[in-house]
Amino acid sequence: MRKTIAVFALGLCCLSSQAFAMAKFNFVEKPPAHNKSKVVFINDTKMLSGAAAELDNGSEGRLSQLLALNNFDSKVGSTLHLQMIAGVESVLVVGSHDDDGLDNAELQNLGGVIASAMTSTEKKRDVLIFADDLIYDNTVPAAQLAYGYHLRHYSFDRYKTQKSEGVSNVTLVTKSADSARLAYQDDLRYVAEGVHLARDLASEPGKSIYPQAFVDVVKRKFKGIDDIDIEVLDMRDIKKRKMGALAGVGQGSINDPRLLVIEYSGTTKNQAPVALVGKGITFDTGGISLKSNTGMWAMKSDLSGAAAVAGTLYAAAQRGEKVNLVGIMPLAENMPSQDAIRPGDVLETMKGTSIEIISTDAEGRLILADAVYYAQTEFEPSMLVNIATLTGSAARALSDEYAAVITRDFALSRKMMSIGELSGEHVWPLPLHANHFKQIESSIADIKNSGAGNPGASIGAAVVGTFVDESVPWVHLDIAGVDWLESDIDVAPKGSQGWGVRFMDTLVRDSAK
């Protein structure tokens, strides 16, 4: 019976989960003679320039009149759809006023705004964007616009009978066409694809993505990519290495846990890798400490940390980043059964540190405990970053604006804030105090996994930090509040954001320097 279930689910997950037709991006120095759909930017409604000025002159001032009639504001991201201006069937007017010039993150957001506006109203139509009409502080704004468009142009419609339609071709007009093409095609598009991979994995139903299925999907994605080595530890391997925390979380499920390890060798072997460790709970019922039904459906996305690690490794390897990376993804399904761990049980970890289980719903920190220790003993990383949808406490503290970043070194936290600014995925530091480690001391084991009071996000980090050597630069990212959104943002539709791919990709680029 077990084999029958596994084969059926594997057949589901190995199909491409995204049937949505992606746009194709072209970069040209001169616009084609005829185009039915154009995107023009308005920096100043009182002094039109570029393509907007040409349309206004070609329509005897009709564009200016319609902007005034609709009280159009040129602030960044404002939009207005117009028809039949100077012979152009569809014109999307986009506000782009910025006194300081648009930076990369703002350009990406603007690309996302265009994608959202076009896909909400258009049926498979070619689009022409005049990128050089923007005021920017970047040499290749067209590449950043395309990247933002690609990020936003996403729909998880695999299970819908009515599939979403996409724009056929997006042509960006820029004097730097060759540079923009290179920046997008050989680099940024892979980051967007990594984000979409993470969204796909987090959006799939739990019956389709269980630990081995996650492994299979990721292995298919990495097939044929150079300098990649993949190792998968099954339950026998996990027990052999005495990873009692990972084994314990997964033992209540019919689907055994896995540890997925992806090594990318982008530079010399003697350079220590950056280790990225992502929580991969493929579905979280809470185990014996069962969650309430309200919102439990969203626990299919409790693997988002692992998904973001996979997406980041994919982007770095595809563009050939000059850095060594290792992605470690502990994968387990947290289910209640006669075999599940109980509150009060004690688990032995790979490090030898014992953990008393106060709540089986504090399971993410358990699988991370074995994974981060494994990362250090096997790879001796130059930096260790772990990422997880870990605590509701982080979400309550920072809402959906920031992910929580927790480190032992506040200077490192400040650097992570800068990485967040550059990537467009923002973080804010929460504390890690010596008292947080005292709070998780157990009366019957070395530490306990929960029940230590507030602040919950810092307590969760302290559990993981117990297994990270103090000499290792370590960053803990709690993305519980930012990964799954109930409404659209500029670069993502509601649902899974694939949060962390852009942040860690920027961190990887910084490390490569």
Side-chain angles (χ1 to χ4, degrees), residues 18-25 35-42 52 70 72-83 89-98 102-131 133-134 141-157 160 162-172 184 188-189 191-193 195-196 198-200 202-203 400-401 423-426 482-499 501-502:
Q18 191 191 114
F20 186 56
M22 291 307 302
K24 295 180 180 179
F25 294 91
N35 192 280
K36 296 181 179 180
S37 183
K38 293 184 178 182
V39 176
V40 298
F41 297 106
I42 305 293
N70 287 277
F72 182 77
D73 188 341
S74 62
K75 68 179 181 180
V76 177
S78 56
T79 60
L80 176 65
H81 278 280
L82 299 172
Q83 287 78 40
E89 289 184 9
S90 175
V91 177
L92 176 64
V93 180
V94 181
S96 57
H97 177 77
D98 189 296
L102 299 167
D103 61 25
N104 282 355
E106 290 170 327
L107 287 165
Q108 292 158 24
N109 286 341
L110 205 57
V113 166
I114 296 169
S116 176
M118 297 305 298
T119 55
S120 67
T121 60
E122 301 290 346
K123 296 269 188 181
K124 294 204 67 136
R125 172 173 286 182
D126 294 348
V127 178
L128 194 63
I129 301 174
F130 294 86
D133 290 351
L134 293 167
Q144 298 296 331
L145 286 173
Y147 175 40
Y149 195 113
H150 192 161
L151 287 169
R152 181 62 175 82
H153 195 60
Y154 174 88
S155 176
F156 187 82
D157 56 12
K160 291 187 176 183
Q162 185 72 33
K163 305 297 183 185
S164 301
E165 290 195 60
V167 176
S168 297
N169 294 288
V170 178
T171 299
L172 296 104
Y184 172 74
L188 295 175
R189 76 179 177 103
V191 186
E193 288 172 6
V195 171
H196 286 193
R199 291 176 186 171
D200 283 350
S203 300
D400 58 7
E401 300 295 335
S423 69
E425 293 188 325
H426 301 281
V482 294
D483 181 66
W484 192 278
L485 298 183
E486 295 302 319
S487 58
D488 300 345
I489 61 172
D490 288 342
V491 291
K494 68 178 183 178
S496 172
Q497 277 199 66
W499 201 102
V501 175
R502 292 192 294 154

Asks: Measuring from Phe156:CZ to Arg199:CZ, what's the distance to the nearest 0.5 Å?
Replies: 12.5 Å
Asks: Does the pair Thr171 and Phe130 meet the rule for a side chain to side chain contact (heavy atoms under 4.5 Å, CB included), with working shown?
Replies: CA-CA 9 Å; Thr171 299; Phe130 294 86; over 6 Å; no
Asks: Report yes or no: does Ser78 contribute a side-chain atom to a donor-acceptor pair with the main-chain N or O of Asp73 at less than 3.5 Å?
Replies: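 Judged by distance alone, yes, a pair lies under 3.5 Å.
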Asks: Given the rule in the side chain to side chain contact (heavy atoms under 4.5 Å, CB included) test, do Asp488 and Arg152 qualify, once you have shown the distances and angles that lead to the verdict?
Replies: CA-CA 9 Å; Asp488 300 345; Arg152 181 62 175 82; 3.1 Å; yes
Asks: How far does NE2 of His426 sit from CH2 of Trp499, to the nearest 0.5 angstrom?
Replies: 9.5 Å
Asks: Go through the steps for Met118 and His153 under the test side chain to side chain contact (heavy atoms under 4.5 Å, CB included), then give the verdict.
Replies: CA-CA 10 Å; Met118 297 305 298; His153 195 60; over 6 Å; no
Asks: Kindly indicate whether the side chain of Ser496, heavy atoms from C-beta on, has any atom under 4.5 Å from the side chain of Asp483.
Replies: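 Yes - at least one pair of side-chain heavy atoms lies under 4.5 Å apart.
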Asks: Quick one: does Asp133's side chain get under 4.5 Å of Val40's, heavy atoms only?
Replies: no
Asks: Roughly how far, to the nearest 0.5 Å, is the CZ atom of Phe25 from the NE2 atom of His150?
Replies: 6.5 Å
Asks: If you look at every heavy atom in Ala117 and Leu92, which pair is closest and at what distance?
Replies: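 For Ala117 versus Leu92, the nearest heavy atoms are CB-CD2, 3.8 Å.
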Asks: Could you go step by step and tell me if Ile489 and Gln497 meet the side chain to side chain contact (heavy atoms under 4.5 Å, CB included) rule?
Replies: CA-CA 9 Å; Ile489 61 172; Gln497 277 199 66; 3.1 Å; yes
Asks: If you look at every heavy atom in Gly498 and Ala198, which pair is closest and at what distance?
Replies: CA-CB, 3.9 Å
Asks: So, do Ile129 and Val94 sit near enough that their side-chain heavy atoms are less than 4.5 Å apart?
Replies: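 No, too far: nothing below the 4.5 Å cut-off.
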Asks: If you take all heavy atoms of Val76 and Ser96, which pair is closest and at what distance?
Replies: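 Looking at all heavy atoms of both residues, the shortest contact is CG2-C, 3.8 Å.
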Asks: Tell me the closest heavy-atom pair linking Ala143 and Tyr184, and the distance in Å.
Replies: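 So the two residues come closest at CB-N, 4.1 Å.
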Asks: Cation over ring, Arg189 on Tyr147, under 6.0 Å and within 45°?
Replies: no
Asks: If you define the side chain from C-beta out and look only at heavy atoms, does anything of Asn169 sit under 4.5 Å from Val127?
Replies: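 Not touching, per the 4.5 Å side-chain cut-off.
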Asks: Please report the interatomic distance CZ(Arg502) to CD(Gln108), rounded to the nearest 0.5 Å.
Replies: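 Going from CZ on Arg502 over to CD on Gln108, the span is 6.0 Å.
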Asks: Which distance, rounded to the nearest 0.5 Å, do you find between the OG of Ser37 and the CG of Leu128?
Replies: 8.5 Å
Asks: How about Ser203 and Tyr154: do any of their side-chain heavy atoms sit closer than 4.5 Å?
Replies: yes
Asks: For Ala23 versus Tyr149, what's the shortest heavy-atom pair and its separation?
Replies: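 Where Ala23 meets Tyr149 most closely, the heavy atoms are CB-CE2, 4.3 Å.
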Asks: So which atom in Val191 and which in Val501 form the shortest heavy-atom distance, rounded to 0.1 Å?
Replies: O-CG1, 4.0 Å
Asks: Take Lys494 and Glu486 through the test salt bridge (Lys or Arg N to Asp or Glu O under 4.0 Å) and record every step on the way to the result.
Replies: CA-CA 5 Å; Lys494 68 178 183 178; Glu486 295 302 319; over 6 Å; no
Asks: To the nearest 0.5 Å, tell me how far Leu145 CG sits from Leu188 CG.
Replies: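 It is 11.0 Å, given to the nearest 0.5 Å.
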Asks: May I ask you to decide if Asp103's main-chain N or O and Glu106's side chain share a donor-acceptor pair within less than 3.5 Å?
Replies: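 The answer is yes, because a donor-acceptor pair under 3.5 Å joins these two groups.
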